[in-house]
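Only one structure is covered here, and it is reproduced in the block below.
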Amino acid sequence: MTTATPRTLAEELRTRSDRGLAGLLRARPDLLNPVPGDLTQLATRAGTRASVVRAVERLDTFALQTAEALAIAPDPCPYPTLAALMAGDAGNAAVAAALPRAVAALRAQALVWGPDDRLRLVRTARELLTPSPARPSPTGLGPTVAEATAGMSPGRIQEILAAAGLPATHDPVSAVAALTGLFCDRVRMAALLDTAPAEAVAVLDKLLWGPPYGAVTDRPAAHLQWLLDRGLLLPAGARNVVLPREAALHLRAGRAHHTPEPVPPALDPATARDPQLVDNAAASQAFTALATVEELLKEWDLGGPPVLRAGGLSVRDLKRTAVALDTTEPLAAFWLELAYAAGLIASDGEADERYAATPAAEDWLQLPDHQRWAALVAAWLPATRTPGVVGTADAKGRALAALGPHLDRSPAPEVRHRVLTLLATLPPGTSVPERALLSRLRWERPLRAATPATQPPAASPPPQGPAQAAPPSTAADSAAGPAPTDDLRSRLAQWTLVEAELLGVTGRGALATHGRTLLRTTGDTGPSAETDTGPRAETDADASTIAGALTPLTPAEATATAVRAAALLAPLLPEPVDHVLLQADLTAVAPGPLRRPLAEALAVLADIESKGGATVYRFTPASVRRALDAGRSAAELQEFLTTHSRTPVPQPLAYLIDDVARKHGQLRVSAASAYVRCDDDALLSEILADRRAAALRLRRLAPTVLAAQTAPEQLLDGLRAMGYAPAAESAAGDVLVARADSYRTPPRTAPTPVPDGPPPPDRTLLEAAVRAIRAGDLAATAERKPAAAPADTAPPTPGALPRTTSAETLATMQAAVLTSSPVWIGYVNADGAASQRVIAPVRVEGGYVTAYDHTSDEVRTYPLHRITGVSELADDAV
């Protein structure tokens, strides 16, 4: 049975509710791979270095400061001692109010255990956070007096006692205890420092907030010798000294940190706008995003640029794409990666590999606007590919290419989700400066923002000057200047703000109404047990908060939230129109987004001159000829314009169509290498006499036929450049209709996000894991009735499988069926894996026992020959 005061982390875990265990497993999903067999295994795994490092990295600033204070406190540490280290002798109301929550957060993640009068930091976390010369603590504290004097001679310790005014002792242990007691006594320590030279106090002030190490010469100055004689500076090497921890805490008035940060930075100054204006701005940008991706697919409709040998898009092709999309290269990289993440573009996988639209792009183009937007956002939210790093160098100094490898940044979904969550905490229509968001993110993940390493950052080595130290680097100092933005999390947050604005998730810097639905709507993280009211209720609630608030959306959740957001966005998107306004200057104005068939037909007949709220198309001889080449006649073009224009067809446009159509097809080009045929021999003579035709190397074969030494395509382009309107013809003499054939890749799946560690478990997995751990713990800890054994038989080894004969096993099973009592068995499966189980037999027949297995929470059948032994449980074991 578990004692009232847990003696180990495993015993404390047994006191937690199912919701508390589920919160722990969700906050630290690495503990689930594989599922622990019992709570002892769970506690052991929670104390491994890799798992503790990952958990410490996910602490916020104040929780990390609390853990750092526990690392330099006595073990175990009473809560009042911890509070004094955090708030100092003068106290701090904000620290006192926030400290219970920080301790609860550490307990929730199994980094701290024990009651408030005996708080214990997990041993591995203490090793990570305890100050040492190789890994100084952010507290700036050095070793204790006992640690610093470990290699000192007993005689030297007695000399320090005498200089400090303490009586001599009979052994080094009591001498160290006496010196420690002096440094911890506020009154006596203050009296000692009152006698110190002013220069000595100045040296202590330099070492006060760390680093606590300094260097001295072979013949130190008098004020330094005064400090060395009284143990206020202790040896830390050949010529280095250190300020002992107890003395530093006295000088700091008991504070472990220069500036405790119990409260996260405020999101201000805030700018309030009309929420409707924000929604409209976001909807307008969302429509622009759809048009941009559609333009990209159109640009690559006949096949995109080639794939580099190392993968990705070349710099030249990225520039060309940016020009085609009328945007910058970084934004072009974003649109490319977004379309790639949504599965709309991919490489074709051929020998001469190149990029092109996928078959899924055809389906996407046919969807309504709000559903197309939902598909893009659902791909963006969980994506780990980061277009912001395109152009930067990888570990080998090579530039990272758009659509290429090595663009995944695993923290991206978490940062993206957290930025949107912070914006959602503001009132509708409210925005804050980027710097405020970055400061909050750095407070929430200080270690990850400071360094990508897998352990807390090491401070600089001990200084080499004479008893000199660098001034402390504190959060307060950094708050005075611009927030650093060179770390990955800060850059991911900056890119998130830009990308959210481009996609229409935000408008004018504020989260739109439809953008708020992109976040998780429930904080449920595990088994929905009854409401907790015991002493662990706060820990369980904090575990749920940690598990839900900082977990990014899964792809399935992102799709569901994007669909909800798209439903709110749909009424704000402009309705497609079915008409244009023809102008006398050979232009047509589309007063809004055109219906897709009309837009596609008009794109063939005219060139887009400008985009915006209204798109302007311009008719030119080349564009009209393009429509004629596509098989449309002049009459069909006139009818098309008359049907879809709210204004009459202008006379200049009608003349242009008729004039181009009259010339279209007079000249016929086919392969000889190539030839030109025309019924008007005067026109052919005109072409032969034209100097511009010299490059075509034409010669007359007949009055109505010219031969060329160029390919038909080059001959067509050359004649068109001269102002003619030739038409291609087949070998049978029929006019060839030039329709653009779309090029598509084979079916391709979208890239899979690369998770930042194990994926967060879902509710079903958490419930099953908690049941399995509870059942396994029951089997491992249930009390057994002592079995009679011969006097010469050695006692069973703790944790070993029970051993009984076949007859004893059968008799015990039959008795358990009659009494409906559970038993403890050892079982070896067909693979030879041994396990312990607690079962309640219900039937024994045919060499099998059918029983309810408490370990797996199901009814199972076991062959009797695979049961190594059986033992009855104590009466109060279950």
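One-based numbering along the sequence shown.
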Handout entry: Side-chain ion pair, R120 and E12, N-O less than 4.0 Å
Key = no

Handout entry: Any residue meeting salt bridge (charged side-chain N to carboxylate O under 4.0 Å, His left out) with R28, in chain and number order, not counting sequence neighbours
Key = none

Practice task
Measure the CZ-OG1 distance between R440 and T421 for me, rounded to the nearest 0.5 Å.
Solution key: 11.5 Å

Practice task
Could you check if a side-chain atom of R837 sits within less than 4.5 angstrom of a side-chain atom of R860, using non-hydrogen atoms only?
Solution key: yes

Completion exercise
From the list I867, V823, T868, V844, side-chain contact (heavy atoms from CB on, under 4.5 Å) with T809 holds only for I867

Practice task
Check whether any side-chain N or O of S137 sits under 3.5 Å from a backbone N or O of P131 as a donor-acceptor pair, and report yes or no.
Solution key: no

Exercise for the section: Report the C-alpha distance between D75 and R123 in whole Å, list the side-chain angles of each, state the deciding distance to 0.1 Å, and finish with yes or no for salt bridge (Lys or Arg N to Asp or Glu O under 4.0 Å). Expected result: CA-CA 10 Å; D75 187 29; R123 178 178 56 83; over 6 Å; no

Exercise for the section: Walk me through it: do L119 and L82 pass the test side chain to side chain contact (heavy atoms under 4.5 Å, CB included)? Expected result: CA-CA 9 Å; L119 294 174; L82 174 62; 4.0 Å; yes

Problem - L70 side chain near V112 side chain, heavy-atom distance below 4.5 Å - result: yes

Practice task
Would you check if there is a donor-acceptor pair between the side chains of R516 and T561 at a distance under 3.5 Å?
Solution key: no

Practice task
Provide the closest heavy-atom pair for P411 versus L488 in the form atom of the first, atom of the second, distance.
Solution key: CG-CD2, 4.3 Å

Problem - Basic-acidic side-chain contact under 4.0 Å: R107, D116 - result: yes

Problem - Residue pair V52 / E127, side-chain heavy-atom distance below 4.5 Å - result: no

Practice task
Can you see which heavy atom on A361 is nearest to which on L344, and at what distance?
Solution key: CB-O, 3.6 Å

Practice task
Measure across P761 and L766 and return the closest heavy-atom pair with its distance rounded to 0.1 Å.
Solution key: CG-CD2, 3.5 Å

Practice task
Please answer whether the main-chain N or O of R7 pairs with a side-chain N or O of E11 as donor and acceptor at a distance below 3.5 Å.
Solution key: yes

Problem - Heavy-atom side-chain proximity of T81 to P74 below 4.5 angstrom - result: yes

Handout entry: Residue list, side-chain contact (heavy atoms from CB on, under 4.5 Å) with A73, at least two apart or on another chain
Key = C77, L85

Exercise for the section: Start with the C-alpha gap between R101 and F62, add the side-chain angles, then the distance that decides, and say whether side chain to side chain contact (heavy atoms under 4.5 Å, CB included) holds. Expected result: CA-CA 10 Å; R101 175 63 62 183; F62 190 63; over 6 Å; no

Practice task
Answer yes or no: is there a donor N or O on one side and an acceptor on the other, between the side chain of E337 and the main chain of L403, under 3.5 Å?
Solution key: yes

Practice task
Keeping the roles fixed (side chain from T358, backbone from A346), state whether a donor-acceptor pair exists under 3.5 Å.
Solution key: no

Handout entry: Within-4.5 Å side-chain heavy-atom neighbours: P359 and T745
Key = yes

Problem - Side-chain touch M813/I839, heavy atoms, less than 4.5 angstrom - result: yes

Handout entry: side chain to side chain donor-acceptor pair (under 3.5 Å) involving D30 - partner list, sequence neighbours excluded
Key = S51

Problem - Heavy-atom side-chain contact between L13 and I773 under 4.5 Å - result: no

Handout entry: Heavy-atom donor-acceptor pair, S410 side chain to V754 backbone, under 3.5 Å
Key = yes

Fill in the blank from the handout: Of E414, E444, E57, the one forming a salt bridge (Lys or Arg N to Asp or Glu O under 4.0 Å) with R489 is E414

Handout entry: Side chain proximity check, V849 to I825, heavy atoms < 4.5 angstrom
Key = no

